[in-house]
Amino acid sequence: MKHANDNTLNKISADYEITVEVLERCLDRLAIVMQRANQSGEVYLPIFERLEREIEAKKASESTMARAMRRFRR
């Protein structure tokens with residue numbers, strides 16, 4: 001699976017893996033949108049929270065896989 005890079009962030013397709021880095025960049029962009037929207041930026045809070053949860057889940061999954069591989073190598 002290909003990794004999405006900065007150039008593909010605008011057009012991520014099913015061929016690209018959604019990584020923690022991609023999700024972090026999405027959060028960065030969303031924060032900019034929220035700041036520019038001033039008080040109406042609150043409408044984006046559910047999306048922001050969802051991205052944060054997705055990042056944590058991805059990190060936890062990667063951590064679990066690393067633990068499994070360490071156990072395998074023993």
Side-chain angles (χ1 to χ4, degrees):
M1 191 170 275
K2 298 175 185 177
H3 290 276
N5 61 31
D6 287 337
N7 297 329
T8 61
L9 188 57
N10 292 327
K11 53 184 176 186
I12 296 173
S13 70
D15 295 337
Y16 291 94
E17 180 179 358
I18 303 299
T19 64
V20 170
E21 292 78 21
V22 169
L23 293 171
E24 292 283 359
R25 286 195 306 270
C26 290
L27 264 183
D28 292 344
R29 288 185 176 190
L30 184 56
I32 293 168
V33 168
M34 292 171 74
Q35 187 276 328
R36 288 182 181 165
N38 296 317
Q39 292 189 9
S40 63
E42 288 182 5
V43 72
Y44 298 105
L45 287 175
I47 300 168
F48 193 89
E49 291 168 342
R50 171 68 185 267
L51 286 170
E52 288 181 321
R53 286 192 308 271
E54 293 294 334
I55 289 168
E56 291 309 312
K58 192 80 150 151
K59 286 179 179 179
S61 175
E62 291 171 356
S63 176
T64 302
M65 190 64 175
R67 288 193 316 271
M69 291 299 101
R70 282 194 303 272
R71 180 167 294 276
F72 170 76
R73 290 185 190 112
R74 291 195 308 186

To the nearest 0.5 Å, what is the distance between CG (Asp28) and CG (Leu51)? 10.5 Å

Between CD1 of Ile32 and CZ of Arg29, what distance do you get to the nearest 0.5 Å? 8.0 Å

Using atom types as modelled, flag every donor-acceptor pair under 3.5 Å from a side chain in residues 52-60 to any protein atom, sequence neighbours excluded.
residue: Glu54; atom: OE2; partner: Arg50; partner atom: NE; Å: 2.7
residue: Glu54; atom: OE2; partner: Arg50; partner atom: NH2; Å: 3.1
residue: Lys58; atom: NZ; partner: Ile18; partner atom: O; Å: 3.1

Please enumerate all residues that pass side-chain hydrogen bond (donor to acceptor under 3.5 Å, both in side chains) together with Arg71, with sequence neighbours excluded. none

Name the atoms and distances for all side-chain donor-acceptor pairs under 3.5 Å in residues 40-48, with sequence neighbours left out.
residue: Ser40; atom: OG; partner: Ala37; partner atom: O; Å: 2.7

Between Glu21 and Thr19, does a side-chain hydrogen bond (donor to acceptor under 3.5 Å, both in side chains) hold up when you go through it step by step? CA-CA 5 Å; Glu21 292 78 21; Thr19 64; 3.2 Å; yes

Distance (rounded to the nearest 0.5 Å) between Met69 CE and Thr64 OG1: 11.0 Å

